[in-house]
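Read through the structure below, which is laid out as structure tokens, and then see the notes.
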Amino acid sequence: MGTAAAAVELLFSLLAGVALLPVVAWPTGRHAVLRPVLAGARRLAGLERARLAMWLDLRVTPAYEDVRALRYVACHWALGVLGGVVMLTAAIGLGYGTFGIYGWLLLDGIRNPGSFVLGSLGGFFLVFLAVQGIFGVVGLEGQLARHFLGPRHQEELERRIAELSASRADVVDAVNDERRRIERDLHDGVQQRLVALGMLLGRARRSQDADRRDRLLGQAHDESRRALDELREVAWRIYPTTLDEAGLRAALETVAERASVPVGVEYDLAEEPEQAVATVAYFVVCEAVTNAVKHASPTRISVAVRVEEERMYVSVQDNGCGGANAAGSGLFGLARRVAALDGSLSVVSPPGGPTLVAAELPCG
């Protein structure tokens, strides 16, 4: 396919050169001729991008100028011809190497078996060299496409700076959101319990009836225990001590034990990840499980953690009613946490379920 495309690109380059040569010194005519030439070059470059992605698994961004597409087309035809020569060499070598299978049908007899064997070995050696050439052509295809169609170094730097600026802003917003959540938890939970405790103790002090005072003190004691439980819950949501003491696996198993529905944890990490990565992974699982239990009414939740090529993949799937809003405060806050580590978070939750929350984090 690359060789066939090279023939089209060579013909296109010749026609474009012939069309541009008479008007190269005439700006108006040059622009008029360049417009269809650049459009054709972009079309051919797009076809080449599709071929590279389909057959060679080479992904090239479509964000390139038409002039760069024209340069790519003008240079690529030579590489396409080289690829055709390599494939033809492989076919010739394969023909010589397998001649022993069908040669006895074509020839009355083999007068020199030694030359016949050497010819077959030479054919297979030619196939070996051609295969190495194929890998070389594939590498050159990628380099040529990235050089002409890929982003320039300056563009890469600008994109990276924009990503870092956005992630820094997300970190600041995530910290502020976390502070507001802690304040809300303390105000709505622990503070109300302490106020009720103070009122019970005050009524007990003013009471003249011993039995009533004992009842009030008993209620105050129960309220103090509930306040301590609320305080432990808030402290656990801020940061679990199990994560430091026993690691990520133990922290995730604790989340599974505390959930009101069965949660299965599949943990496939050979070693403990870095502290920042483990913390974000924990909060992804904790928040996803909490949201599922609260809003989706599932009967089963599955958590999976694995590492592939220095990337950690965390997924939480439930069989609930679906319809989770990725722009909601909880999931949006998770997305910002993950983005702060150069990771990505995806939420797939069609109406009726199931819901899948997946995070990809760097762990190298």
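Excluded from the calculations below are hydrogen atoms, water molecules and symmetry mates; all remaining heavy atoms, backbone and side chain alike, are included.
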Is there a side chain to side chain contact (heavy atoms under 4.5 Å, CB included) between Phe12 and Leu70 once you walk through the steps? CA-CA 10 Å; Phe12 176 83; Leu70 180 60; 4.0 Å; yes
Residues Tyr313, Val307; criterion side chain to side chain contact (heavy atoms under 4.5 Å, CB included); working and verdict: CA-CA 6 Å; Tyr313 296 90; Val307 170; over 6 Å; no
Show your reasoning for whether side chain to side chain contact (heavy atoms under 4.5 Å, CB included) applies to Val255 and Val263. CA-CA 8 Å; Val255 172; Val263 178; over 6 Å; no
Report the C-alpha distance between Val305 and Asp268 in whole Å, list the side-chain angles of each, state the deciding distance to 0.1 Å, and finish with yes or no for side chain to side chain contact (heavy atoms under 4.5 Å, CB included). CA-CA 6 Å; Val305 182; Asp268 190 18; over 6 Å; no
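A distance of 11.5 Å separates NE2 in His295 from OG in Ser349, rounded to the nearest 0.5 Å. Rounding to the nearest 0.5 Å gives a distance of 4.5 Å between CZ of Arg225 and CG of Asp222. Residue Ile134 holds its CD1 atom at 11.5 Å from CG of Leu129, rounded to the nearest 0.5 Å. A distance of 12.5 Å separates CG in Leu201 from CZ in Arg213, rounded to the nearest 0.5 Å. Here Thr290 contributes atom OG1 and Lys294 contributes atom NZ; the two are 7.0 Å apart, rounded to the nearest 0.5 Å. Separating the CD atom in Glu48 from the CG atom in Leu79 is a distance of 9.0 Å, to the nearest 0.5 Å.
Partner Leu361 forms a side chain to side chain contact (heavy atoms under 4.5 Å, CB included) with one of Val277, Val284, Leu345 and no other, that one being Val277. Exactly one of Val137, Val138, Val131 qualifies for a side chain to side chain contact (heavy atoms under 4.5 Å, CB included) with Phe135. That residue is Val131.
Nearest heavy-atom pair, Pro354 versus Asp318, reported as atom, atom and distance to 0.1 Å: CB-O, 3.1 Å. In plain terms, the two heavy atoms of Leu197 and Ser224 that are nearest each other are CD2-CB, 4.1 Å. Taking every heavy atom of both residues into account, Ala130 and Val86 meet most closely at O-CG1, 3.2 Å. Closest approach of Val338 to Ala359, counting heavy atoms only: CG2-CB, 4.3 Å. Between Gly80 and Thr3 the shortest heavy-atom distance is O-OG1, 3.2 Å. The shortest heavy-atom contact between Gly343 and Arg311 is CA-NH2, 4.4 Å.
More than 12 heavy atoms of other residues, nucleotides or ligands sit less than 6.0 Å from atom OH of Tyr267. Remark: Gln192 CD is packed, more than 12 non-hydrogen atoms of other residues, nucleotides or ligands lying under 6.0 Å away.
The hydrophobic clustering, which links ILVMFWY residues whose side-chain heavy atoms are closer than 4.5 Å, places Val280 and Leu269 together. Linking ILVMFWY residues whenever their side-chain heavy atoms come closer than 4.5 Å, directly or via other members, places Val37 and Val8 in the same cluster. One hydrophobic cluster holds both Met1 and Met54 under the rule that ILVMFWY side chains link at heavy-atom gaps under 4.5 Å. A continuous path of hydrophobic side-chain contacts links Leu149 to Leu56 [ILVMFWY only; heavy atoms under 4.5 Å]. Residues Val73 and Leu20 fall within the same hydrophobic cluster, defined by Ile, Leu, Val, Met, Phe, Trp and Tyr side chains chained together at heavy-atom separations under 4.5 Å.
Note on Glu141 versus Arg51: salt bridge recorded, some NZ/NE/NH1/NH2 to OD/OE distance being below 4.0 Å.
Side-chain contact between Leu248 and Tyr282: present, with at least one pair of heavy atoms (C-beta onward) separated by less than 4.5 Å. You'll find the side chain of Arg49 stays beyond 4.5 Å of the side chain of Leu52, heavy atoms only. The shortest side-chain heavy-atom distance between Arg146 and Leu58 falls under the 4.5 Å cut-off. In this structure the side chain of Leu38 never reaches within 4.5 angstrom of the side chain of Arg42, judged on heavy atoms. Val347 has its side chain out of reach of Leu356: every pair of non-hydrogen atoms, C-beta onward, lies at least 4.5 Å apart. Residues Val316 and Ile301 have side chains in contact (heavy-atom distance under 4.5 Å, counting atoms from C-beta outward). Inter-residue side-chain proximity for Pro273 and Met312 is flagged as met; some heavy-atom pair is nearer than 4.5 Å. Annotation: side chain of Val348 is not in contact with side chain of Thr355 (no heavy-atom distance under 4.5 Å).
In this structure, Ser297 contributes its side chain and Gly320 its backbone to no donor-acceptor pair below 3.5 Å. Side-chain atoms of Ser207 do not come within 3.5 Å of backbone N or O of Ala204 as any donor-acceptor pair. Between the side chain of Asn319 and the backbone N or O of Thr299 there is at least one donor-acceptor pair closer than 3.5 Å.
Here ring-ring contact (aromatic ring centres under 6.0 Å, His included) pairs that include residues 75-95, with residues two or more places apart or in two chains, are Tyr72-His76.
Residues passing the salt bridge (charged side-chain N to carboxylate O under 4.0 Å, His left out) test with Arg306 are Glu308, sequence neighbours excluded.
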